[in-house]
Amino acid sequence: MTAPAVRSRRLPLASLARWETLLVILLVGLLVAGTQLSRFFLSANNFANLTSSVMEVAIMALPMTLIIITGDIDLSVESMVGLAGAVLGTLMLAGLPLPLAIPIVLIVGGLGGWLNGLLVTRAGLPALVVTLGTLALFRGLANVILGPTVISVWPDWFTEFGFGTIAKSPIPYTLVVFAVLAAVFWLVTHGTWLGRQVVAIGKSKDAARYSGVPVASLRNWLFILSGVVAALAGIILAARFSSARNDNGTGMTLTVVTVVLLGGVDINGGKGSIPGVVLAVFVLAVLQNVLRLAGVSSEFQGIAVGLLLVFSVIVPQLARQAKAALDRARRGRRPPAGSMAAGEINV
Amino acid sequence: MPKTQGQPGMLGRVTGALGRSRELTLVALIVLMCAIVSLGAPQFLSISNLDQVTAMAAIFAIAGIGEAMVVMTKNIDLSVESTIGLVAFLVGVTLRQGDLPVPAAWLLGIGVGLLLGMVNGAVITVFRIPSIVVTLGTLSIFRGLVFIIAGGKEVNLSDLPAGYANLATDTVLGVPVFVIVAVVIVAIVGLLLWKTRFGRQVYAVGSNAEAAAILGIRSRLVTFAVFSIAGLLGGIAGVMWGIYFGTIYATSASGVVLQIVAAVVVGGVSIAGGTGTVVGAALGALFLALINNALLVLQLPQELLQAIYGAVILVAVSADALLSRRNKGQAAQEAAR
């Protein structure tokens, strides 16, 4: 099996390879810009900073990639980040040691994801509305649990895990977490039947169902996975800021979806790759760092992320339209509109 | 609509009747809630409290009407809260500098709202990109613009003309001005959707874009128009937001897109497109504003609010799905007979 399952049959393989090449070029360009802006840019310290600042987004982008490939979306992840921090902090204050509290928080994440999955697959509701509802619901639960309290006293080992690096190397612990998760997602998505089933769902749910893919249960499990990973991201965020507040993670969904789409995943489903998304994570991290070095304040970075999101969808769309126009020109005139689906309309 | 000949039972008949008219359901719910809450807190039904609630509900209803039109075409506009924030801030800054008289500043704000809506519509229709992606992007781009205009400073009530904030609670013949504005907009947009060719095109594009295209409807033009109108209404809501609160921060109206989409969904506009009314969306906005106010007067913790909104959205869409499934089942039975 040489061709990864996730590549579209309709587009030539080269065009997707080109998307990832584009990301590499973009990344190199940003790195060059960074070295021009500051001589500290390439320092080990800066590398540790710029990577650890996006690790929550990075790990949440992995399940989000699969969810968007199946044609769904999960907008609730940012609220699960807040809820996870709130539950973790509250359990700790109640006297539960963190090694026991962390698995409970991950289970809470799984339950939240299960609620999303259940409403989407069993009740047949659109993922967009369901997760918009749980976006409010999970944040609301975090508000109820924590109120205006900020929990800022954590064990040293925990905060060290949040922003520390392994034994004086420039590698943050959280990067290791991301690397392991990314490797697993990469292997499963591009090397196993599971990954092919995910893509099959994204291309056509009916066709997948008739081919024996357990569509509902697979979509359900992806939402559960997304919930668990978002809870893990919430734990990491609490550790990195050494604080649990009810507004932890607000606005993060935008960044997660941006990274996934920048990574070349089709918002309409059926297409995407994990390596692309991993590259996009680093493009985002370096871009944020370069903007900061250039003196752009963090508030304006929202504009940059928003523009990046819109352009990462416009560019492939333009390429697709150009290709379609080219095909039409090659094939001659396109068929008249009346010839398609005539008689299928019930007026 | 096929007539049912089976025995759906009492409960089935009641839910069926209510399901057919989401507006009636909401009116019943609103009356029921007012009754229950006023038992616990009589001041709930006082004139001053109702003026407050309806003023807030009017703002959300106007933004919700724009969102409802967008959702009817099977799209979504997540950027509307940033439009509201940007317009409110811009109008405030203009008045603080005293460059323009008040009505001109309002027109400027509404014009900027229209412009932002046109930007959304243009990017969505020209590049054929899903609206959720575009408006997720412009949600943060428009908010970024507010931060640029603000430069770290807020607009204070004292910067504004004297008595400016009173407009929010002014009444004409006992009816708050904000409510009159909302009712007029409901009437105009309602007639537009109900009585005009454009209105029928909006529903057609949302229920089956391909069929609409074959029938000669220029669906991209309709989509563009709908986003432009949503921007315009967002602009009006932004102006009213500024009047209502007086003090405006760069982060004002952050997160209210949830409440606006919730109003639309609760109002019976299906996210699958092609159905719903603006009256429903406006009633949905009123219902949510009442919930918000009920928590206040019953002295329940405000922290519950978001959780309740989330639950209300989920219950409303679940009910929609159940009812439409039952209707489909009945239609299928009828067809088989």
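Chain letters run A, B, ... following the sequence lines, proteins first, then strands; residues in each count from 1.
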Chain B contact via A:Val129 - side chain, backbone, both or neither, heavy atoms under 4.5 Å: both

When only pairs under 4.5 Å are counted, which of A:Leu141, A:Leu308, A:Leu132 shares the most heavy-atom pairs with chain B? A:Leu132

Looking only at the side chains, is there a donor atom on one of A:Asp74 and A:Ser76 sitting less than 3.5 Å from an acceptor on the other? yes

When the 4.5 angstrom heavy-atom criterion is applied to B:Val317 and chain A, the contacting part is both

Using non-hydrogen atoms only, which part of A:Ile145 is less than 4.5 Å away from chain B: side chain, backbone, both, or neither? neither

So does A:Leu222 get a backbone contact from the side chain of A:Ser226, meaning a donor-acceptor N/O pair under 3.5 Å? no

Among B:Leu304, B:Leu305, B:Leu258, who wins on heavy-atom pairs under 4.5 Å with chain A? B:Leu258

So which of B:Leu78, B:Leu314, B:Leu139 has the biggest tally of heavy-atom pairs under 4.5 Å with chain A? B:Leu314

Under a 4.5 Å heavy-atom cutoff, which of A:Asn246, A:Leu309, A:Thr250, A:Leu135 has the most pairs with chain B? A:Leu309

Measuring only between side-chain heavy atoms, which start at C-beta, is B:Gln201 closer than 4.5 Å to B:Arg218? no

Check each atom of A:Asn268 against the heavy atoms of chain B and say whether the ones under 4.5 Å are side chain, backbone, both or neither. side chain

Chain B heavy atoms under 4.5 Å from A:Ile314: which part of the residue, side chain, backbone, both or neither? both

Identify which part of A:Leu146 has an atom lying under 4.5 Å from any heavy atom of chain B, answering side chain, backbone, both or neither. neither

Between B:Val146, B:Ile313, B:Ile141, the one whose heavy-atom pairs under 4.5 Å with chain A are most numerous: B:Ile141

Chain B contact via A:Leu119 - side chain, backbone, both or neither, heavy atoms under 4.5 Å: side chain

Before you tell me yes or no, could you show the steps for B:Leu295 and B:Ile308 under side-chain contact (heavy atoms from CB on, under 4.5 Å), namely the whole-Å CA-CA distance, both residues' side-chain angles and the distance that decides it to 0.1 Å? CA-CA 10 Å; B:Leu295 288 184; B:Ile308 291 177; 4.1 Å; yes

Turns out that what part of B:Val123 lies under 4.5 Å from chain A's heavy atoms comes down to side chain

I'd like to know which of A:Ile73, A:Thr253, A:Leu75, A:Leu128 tops the heavy-atom pair count under 4.5 Å against chain B. A:Leu128

